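Input: a single structure, listed below in structure tokens.
Sequential numbering from 1 along the given sequence is applied to the chain's residues. Remember, predicted model here, so these are calculated numbers, not experimental data. Hydrogens, waters and symmetry mates play no part in the numbers below; they use all other heavy atoms, side chains included.
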Amino acid sequence: MGRADERRARQRGGRRAAPRNRTSEQAEPGTPTAEGGTTRVVESPDDSGAEGVTRAERRKAAARKPGPPGKPGAPGKPAKGRIRRLFTWKKMLGTFLTCCLLGIGAFIALYMTVSIPAGNALAQTQSNVYKYSDGSILARKGTVNREIVDLSKVPKDVQHTFVAAENKGFYGDNGIDLRGMARGLYNTARGRGTQGGSTITQQYVKNYYLDQDQTVTRKLKELVISLKVDREKSKDYILAGYINTSYYGRGAYGIQAAAQAYYRVDADKLSVQQGAYLAALLQAPSQYDWAVAGPIGKKLVQERWNYVLDNMVGQGWLDKTKRDAMKFPIPKAPKAASGLEGQKGYLVELANIQLENQLMKSEGITRSDAEAKVVDQGWTITLNIDPKKQTKLEAAVKSQLTSKLDGKKRKVDKNVQAGAVSVDPKTGKIVALYGGVDYYKHYTDNATRADYQPASTFKPIILAAALDQDAKTQDGKDINANTIYDGTSGRPVKGSDIAFSPPNEDDADYGNITVQTAMNKSVNSVFAQMGVDVGMKNVLKTADDLGLDTENLQAVPAMTLGSMGASPLEMAGVYATLDNHGQKVTPTILASAEKTGRKVDLPDPIGDQVVSQEAADQVTSVLTGVVDDGTAKVSVAQNPLRKGQQVAGKTGTSDSNKSAWFTGYTPDLVTSVGLFGEDAKSHAQVSLTGATGLIPGTGRINGGGYPAQIWAAYTFGVTKKAKFDLNTELGAAVEPTQSPSQSASPSETPSQTPSSTPSKSAPPSQSPSQTPSSPPSQSSTPTTSAPSTPLETPSDGNSDNPLDPGDDQ
């Protein structure tokens with residue numbers, strides 16, 4: 001390089017590099033070169049004056065040079081900690097990618113090893129065998145109500161209802177819902193049961209190729225098979241399989257059977273509205289079946305029906321104008337399947353429901369899945385039904401009621417429905433049940449229906465709540481069998497935020513009477529006041545504890561008249577708990593349920609103490625007075641079959657005579673009998689008045705009439721004489737230790753015998769010469785000294801007619 005070039009380089013800020021072959025010969029710093037420049041020398045970190053040091057040696061020396069004070073390691077750079085060296089972003093990314101690769105590899109392996117199996121839905125469908133408690137066969141049920149139809153036989157709009165209900169993206173997805181599957185796997189692994197999210201393809205695979213078990217393995221198989229089915233089969237094939245294998249309730253498998261079961265048409269004649277209902281059913285067939293659904297079930301299925309149609313509009317499958325004009329299509333009344341004639345169908349139905357309930361609770365599955373696991377799946381189910389008692393109960397209903405009905409002579413006779421449940425209070429076993437005239441003729445089970453008022457059979461619950469909670473009257477007196485109340489009809493209830501003035505039956509006034517007398521005569525005004533004294537919330541809590549379904553009920557004074565709905569099954573459970581000294585009894589029809597070596601663990605029907613023994617026993621003691629000196633006297637106390645049997649019970653007659661009840665018990669058997677007025681065509685609630693044409697006067701059917709007669713004809717034919725073992729000193733079943741100072745009416749004489757306790761005081765119009773029908777111990781047959789007229793409503797002139805015992809609510 002010339003001097004001119006070197007000068008230009010300096011002007012540009014450059015530096016002249018030392019020749020490569022002169023690295024070992026360093027000039028003094030700042031010494032001019034031959035060309036007139038200066039030489040820059042890089043000194044060795046260890047020995048700046050050393051000669052012959054290579055560049056590599058100088059770099060190594062620099063690396064060994066200590067950094068700034070307080071910062072160990074490389075010059076100017078802090079040392080990394082052990083955790084930082086372990087969790088670097090490169091390592092974390094590498095780990096993540098490795099896991100992804102492993103997961104993908106595992107899935108590929110699973111996909112390659114799992115093949116589409118042969119369909120097994122039909123192979124898994126078997127007969128269920130139902131047995132009586134003695135092991136004899138009750139019924140076999142296993143004929144599958146299924147008819148496969150080609151998708152072309154199903155209207156396109158009806159096809160769309162199922163897609164809109166279950167999987168709007170069905171036509172565009174790949175057969176699976178990853179988020180839904182992940183949620184399902186997580187919940188299954190955590191033991192939280194099932195959760196929605198499956199596609200139609202997945203549901204079809206579960207129904208046809210797999211089973212209903214909620215396991216991680218089954219869900220993984222479902223995922224793989226769904227992907228393969230979606231690749232190998234058309235969407236129409238999958239949709240056809242789905243609607244043909246699904247269970248719709250009423251024993252119907254597939255859309256053709258469902259169309260016939262609910263609308264009595266073939267699948268190709270279904271309307272969009274009807275299709276939307278069938279699609280809605282798949283979520284919960286039994287709960288959404290209009291014929292047996294309660295108010296909540298009917299509300300939910302209508303919401304589901306609207307959801308389906310709205311989705312169709314959103315997908316462009318249904319014109320909004322047409323949708324707005326659509327009305328909910330109420331299904332036809334169901335027809336029972338063959339082989340369940342008479343009472344068999346009612347017994348099988350309740351057994352299935354209780355088994356489904358247990359599977360839902362133990363396995364965390366839905367009602368739909370539980371039904372699919374129970375109906376026609378090869379179970380051997382033994383019931384607690386005693387064939388002898390069952391025969392006796394059926395005979396009692398026929399002899400005391402149905403043989404007297406003639407629908408050709410009296411239209412009202414077509415509207416009479418009877419239901420009854422008999423329970424062993426020591427074990428909780430349902431030993432007999434009457435669900436209706438015939439399962440084929442009346443599909444609804446009258447023994448389990450809860451849409452009619454229990455009326456005055458609710459009054460013992462009010463007394464139980466008062467005794468159990470040591471409640472007091474408005475003036476601070478303890479409430480018990482001898483407590484005095486004002487029995488004036490229409491008297492305004494005191495202490496209530498809601499005005500309430502209930503009339504008594506036939507508007508009868510009783511003046512000051514004891515609780516015992518008020519129970520005997522079913523005095524509304526007394527128990528309305530007692531309910532407020534106890535607190536209606538406390539009353540409803542006791543009702544719930546005893547076995548009534550009180551959900552969504554308002555704690556208002558009107559509830560004291562039994563204005564809610566209840567079934568004979570529920571009332572039998574309530575009274576069985578009282579009979580069992582306050583220890584909870586949950587009636588069960590199931591003795592055992594087994595399938596291919598598997599046995600279902602059933603809960604103990606006998607539960608905890610829900611009311612004190614003293615409270616339960618005093619209620620029982622009071623209810624013996626209803627039988628001996630009250631509204632059940634003619635039909636029960638004076639029944640020639642009684643033969644000294646001790647009995648407690650309560651009658652009930654609802655508003656407008658739409659229902660009539662007698663729920664009673666001996667020490668070893670509880671039976672609840674209900675009569676219900678149901679229009680034969682519309683199924684609306686109607687009056688029972690005038691039925692049989694054998695009751696003079698108004699023709700009103702009271703609980704002390706036919707229900708009590710059925711009860712007596714059955715109970716006295718299957719029980720033996722026994723006495724209640726009661727832990728109480730009050731009530732009609734024991735001799736009182738003291739008399740209430742204000743309980744005796746002016747007409748009552750002091751010479752009255754002990755069985756007519758002060759708690760049974762009569763109104764002033766009663767003749768003082770009346771004598772008791774039996775002593776306190778119930779040791780003698782009451783028919784030998786019965787008065788000419790029972791203690792009934794003073795205004796009722798027909799009290800000597802056993803079919804119309806008079807005052808009863």
Side-chain angles (χ1 to χ4, degrees), residues 452-463 485-493 500-531 557-563 622-623 625-627 629-636 649-664 674-675 677 687-691 695-708 745 760-766 789-809:
Y452 282 81
Q453 296 179 2
S456 289
T457 58
F458 187 77
K459 287 183 171 70
I461 297 176
I462 303 172
L463 179 57
Y485 271 97
D486 184 354
T488 302
S489 180
R491 180 180 66 82
V493 172
F500 187 51
S501 305
N504 297 326
E505 183 78 7
D506 297 327
D507 205 29
D509 288 327
Y510 296 94
N512 289 337
I513 55 174
T514 62
V515 168
Q516 177 70 68
T517 303
M519 187 72 78
N520 291 356
K521 297 179 177 298
S522 201
V523 182
N524 290 337
S525 57
V526 170
F527 286 94
Q529 183 63 61
M530 187 186 298
M559 300 298 293
T560 58
L561 304 185
S563 59
V622 169
L623 293 183
V626 176
V627 174
D629 293 303
T631 53
K633 185 172 185 176
V634 174
S635 296
V636 181
K650 185 70 184 76
T651 57
T653 307
S654 69
D655 292 341
S656 303
N657 201 198
K658 293 179 180 178
S659 63
W661 299 72
F662 181 72
T663 303
L675 264 59
S687 177
L688 293 165
T689 300
I695 302 176
T698 63
R700 180 180 61 200
I701 293 181
N702 292 305
Y706 292 120
S745 63
K760 302 178 188 175
S761 59
S765 60
Q766 188 181 15
T789 59
L791 291 173
E792 304 295 348
T793 305
S795 60
D796 193 336
N798 301 314
S799 58
D800 57 344
N801 188 332
L803 301 181
D804 181 22
D807 177 29
D808 170 36
Q809 284 194 30

Using atom types as modelled and distance alone, determine if a side-chain donor or acceptor of T653 lies under 3.5 Å from a backbone N or O of G703. yes
Contact between F500 and T560 at the side-chain level, heavy atoms closer than 4.5 Å - yes or no? yes
Judged by atom type as modelled, is there a donor-acceptor pair below 3.5 Å linking the side chain of S687 to the main-chain atoms of S656? yes
For a 4.5 angstrom cut-off between non-hydrogen side-chain atoms, does L623 reach M519? yes
Taking the side chain from D509 and the backbone from T488, do they hold a donor-acceptor pair closer than 3.5 Å? no
Taking N520 for the side chain and V626 for the main chain, is one N or O donor matched with an acceptor at less than 3.5 Å? yes
S525 backbone acceptor or donor facing N504 side chain under 3.5 Å: yes
Return yes if some donor-acceptor pair links the side-chain N/O of T631 with the main-chain N/O of G704 below 3.5 Å, else return no. no
Looking at Q453, is its backbone amide N or carbonyl O close enough to the side chain of S659 to form a donor-acceptor pair, meaning the two atoms are under 3.5 Å apart? yes
Main chain of S456, side chain of W661: is a donor-acceptor contact present, judged purely on distance under 3.5 Å? no
So, Y452 side chain and G677 main chain: donor-acceptor pair closer than 3.5 Å or not? yes
Paired with N524, the side-chain hydrogen bond (donor to acceptor under 3.5 Å, both in side chains) test is passed by just one of R491, K459, Q529, namely K459
Yes or no on side-chain contact (heavy atoms from CB on, under 4.5 Å) for K650 and F458, after CA distance, side-chain angles and deciding distance? CA-CA 9 Å; K650 185 70 184 76; F458 187 77; over 6 Å; no
